[in-house]
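Before any comments, here is the structure.
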Amino acid sequence: MDTKTTARRETRWATMIGLIGAFVFAPYLAADEFVVTSSSPTGPGSLSEAIVNAFFSDGEDTITFDPSVTTILIESSIQDVNAADPVTIDGGGTVTLVGTGASEGTNGLQLTTFGHTVRGLTIKNFDGDQIVAGGFANIIDCTITGGGEDGIQVLGAGVEIRGCLIGTDGVNDLGNARNGIDLNIVTSAFIGGSTEQARNVVSGNGRYGIEMRDSGSILEIRGNYIGTNAAGTAAIGNDLGGIRISDSPSLSIGGSGSGEGNLISGNAGSGIEISGSTSSGIVIYGNLIGTDATGLLEIGNAFSGIAMTSAGSGFIGGPGENERNVICANGVSGIQIMGMDSSITDIQNNYIGVGIDGTTAMGNDFDGVSIINSESILIGGLDENEGNIIAGNGKAGIFVSDAQECLIFGNRIGAGANDEAMGNGENGIALQTQSNRTQIGNGTAPNIVANNVGAGILITGSVENTISRNSIYGNTGDGIALATANDFISAPVVTQLGSVRGTAEALGTVEIFVDDAEEGRTWIASTQADDQGTFYSPIDLTPFQGMNVTATVTDGSGNTSAFSSPVLIENLGEATHAADQDADNAINLSELLRVIQFFNSARYGCEDGTEDGYNPNDNDTECTPHTSDYAPQDWIISLSELLRLIQFFNSGGYYFCPDADPPTEDGFCPGVE
């Protein structure tokens, strides 16, 4: 307690003792209402006198204003509101405190002790802070503008702020020189609420709309407009950003209830900045970041929508009905996460680069999501409604650099909510510079990676990145592009259709896709390559005639290959052996002798114009290998492979049997079907 307050309380008790001596049976003093009747800053009937009277009054007191008092021009500092019991100062929405004439550094109102309320006042143009709260305070329905420092500064206690205009009158930029709301070592804060009446508009301030440092316990920022006018239709940006949080845990920005999301748009920095290792457990739900109040028009922040730097864990979006953030039209990335080496942050169910309808393109200028020097970031999720839409952004949908063990599940990257083509301006997903052990999709939650101007997935200088069961199609570049990545694993080779046969990394997991082009739009099967690198899947390709088969392989360390070259699905059900030149489902002597010719030569290769499309001693291997060349497919016919054809010759015929159980080595059976 300061000296000034102590002296006042000693005077108060001396006065009370004198009264007790004169009136031993005096009743307990009731709470009072003090009416300000003078526009003078001091003297009889003034606000200063009312504050002093409240100090000496027991109980919860109220200070109101006579209708004749509308403007009080302060010429010196207003006395602190430091009564032991709560005091409410109610301006009724008609009273303005003007600090233009006050001395340098003068604050507007100082709420030093616990539980005071300021309601319905306009406070403007003080050289210091407009309101300073040192004990838990309620600041309701106030307009706080034009200050030389912060609009509201809260120190070491708690605060509830709702229904206020801070830095604007709702239309014009009347910003305070520093932060709109500044919170330092605050135990609890409730800023805004779920109704229009509780909404604060915090705009036009010289630093951040809201800045919070070293605070924690119960912290909620809900339902506010930060960086726009009161209608949410135009920017009145805060100069350094919308919300800045440092070393403050357990904070909710937005919420899962109806109306709890904030509009954070039009700011000259990022929409939300979070830093400090103790900034953990932060929940960002239901906000519009970079749009207008409808979520369909652009009012972008100049930097990123959300920027987390060396922070603790957080949750950006969630699967609930009101938990999605819409993050659009920002000048850098939608979400940027840097330096989070040992924390888990979940990014789920957000619309990043598209409007609230999931179909209106409103891309962020750079990447949708940027992850740098971080670890264990989850983008999407395994359950329904956890995946994000990341589309229409200027560069990559997801950019990852020097980050470990990230998970990317169930997202739509380059496709809108109804499969609209809304490609990102570069690669769908880019993993670069030692971004290792990333998991992109799985059987439960594959991603759609489509329509991007670049590769669907580009991996550079990174290893052990697994790509599984995703739908990858319509990208300008390769579906999967590897540049000195994933241990240089080779793509499989599909050698035969009907069933699917081919060669791949020995003991690798082969995933088989169909696509109308050269990527992998639809996963249809997985199988395992044997120790010789041969794989087989009895999948029925009949429904996919006219499309292409492609495949990837993933080795035991988690390295996934690019897609194989596409093989057209045609004439299924009429498959014949490559040796059967007249396609009569029998091997005659001349056809057998042709393959014996390959057996006797050093090797065989491809050559157009020959009776079977092959030629002995040729090194061209650009076509599908001969059917007899199956174990292994090495462009050499071995004795065992030749004996298999002799079996067909001796049996009088053969037939296509892709569904044989167990499968045959070449997909055919001897005899007549």
Side-chain angles (χ1 to χ4, degrees), residues 1-16 29 31-135 137-153 155:
M1 185 178 299
D2 60 33
T3 302
K4 186 175 182 181
T5 301
T6 301
R8 285 177 174 166
R9 294 201 171 179
E10 288 174 350
T11 301
R12 178 182 177 189
W13 282 110
T15 302
M16 290 180 66
L29 293 175
D32 291 315
E33 177 178 348
F34 301 100
V35 180
V36 177
T37 58
S38 172
S39 296
S40 298
T42 59
S46 67
L47 175 59
S48 291
E49 181 184 67
I51 291 172
V52 171
N53 289 338
F55 176 83
F56 287 105
S57 173
D58 287 324
E60 298 185 10
D61 299 314
T62 300
I63 297 173
T64 60
F65 296 80
D66 185 85
S68 65
V69 178
T70 57
T71 301
I72 300 175
L73 183 63
I74 305 301
E75 297 174 351
S76 60
S77 179
I78 288 182
Q79 187 174 353
D80 294 349
V81 182
N82 56 7
D85 298 313
V87 175
T88 296
I89 302 176
D90 190 346
T94 63
V95 177
T96 300
L97 307 184
V98 182
T100 304
S103 59
E104 183 177 351
T106 296
N107 298 324
L109 286 176
Q110 295 189 171
L111 311 176
T112 304
T113 48
F114 186 87
H116 303 308
T117 297
V118 179
R119 183 191 303 272
L121 283 178
T122 295
I123 305 173
K124 66 180 184 179
N125 299 344
F126 286 87
D127 187 65
D129 302 315
Q130 308 304 283
I131 296 178
V132 178
N138 303 285
I139 302 168
I140 303 167
D141 297 337
C142 292
T143 299
I144 302 168
T145 61
E149 297 289 338
D150 299 316
I152 300 172
Q153 185 180 84
L155 300 170

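Keep in mind that the numbers below use all heavy atoms, side chains included, and drop hydrogens, waters and symmetry copies.
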Worksheet item: Is there a side chain to side chain contact (heavy atoms under 4.5 Å, CB included) between Phe55 and Asn82 once you walk through the steps?
Response: CA-CA 7 Å; Phe55 176 83; Asn82 56 7; 3.3 Å; yes

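- Closest of all the heavy-atom pairs between Ile51 and Asp80 is CG2-O, 3.3 Å.
- Rounded to the nearest 0.5 Å, atoms CD1 (Ile89) and CG (Asp61) are 11.0 Å apart.
- Atom CZ of Arg119 is separated from atom CG of Asp141 by 6.5 Å, given to the nearest 0.5 angstrom.
- One finds the CG atom of Leu97 at 10.5 Å from the CD1 atom of Ile144 (value rounded to the nearest 0.5 Å).
- Looking at heavy atoms from C-beta onward, Val95 lies out of side-chain contact with Leu47 at the 4.5 angstrom threshold.
- Listed here is the closest heavy atom pair of Gly120 and Cys142: N-SG, 3.8 Å.
- Listed for the Asp32 side chain is no donor-acceptor partner under 3.5 Å among the backbone atoms of Phe34.
- Remark: the Ser68 side chain and the Asp66 side chain contain an N/O donor-acceptor pair separated by less than 3.5 Å.
- In this structure, OG1 on Thr145 lies 6.0 Å from CG on Asn125, to the nearest 0.5 angstrom.
- In this structure a side-chain-to-backbone donor-acceptor pair under 3.5 Å is present from Ser46 to Glu49.
- Minimum interatomic distance between Ala50 and Val36 (heavy atoms only, all atoms of both residues): CB-CG2, 4.1 Å.
- Across Ser38 and Pro44, no two heavy atoms sit closer than the pair CB-O, 3.6 Å.
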Practice prompt. Could you check Thr70 against Phe65 for side chain to side chain contact (heavy atoms under 4.5 Å, CB included), going step by step and ending with a plain yes or no?
Written response: CA-CA 8 Å; Thr70 57; Phe65 296 80; over 6 Å; no

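- Between Asp129 and Glu149, the closest heavy-atom pair is OD1-CB, 2.9 Å.
- Interatomic distance, OG of Ser57 versus CG of Asp85, reported as 7.5 Å (0.5 Å rounding).
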Fill in: Evaluation steps, side chain to side chain contact (heavy atoms under 4.5 Å, CB included), between Gln130 and Ile152
CA-CA 6 Å; Gln130 308 304 283; Ile152 300 172; over 6 Å; no

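- Paired with Leu111 under the rule side chain to side chain contact (heavy atoms under 4.5 Å, CB included), one option of Val132, Ile131, Val87, Thr117 passes, and it is Ile131.
- Nearest approach of Ser48 to Thr42, heavy atoms of both residues: OG-CG2, 4.1 Å.
- To the nearest 0.5 Å, atoms CD1 (Ile139) and CG (Leu121) are separated by 10.5 Å.
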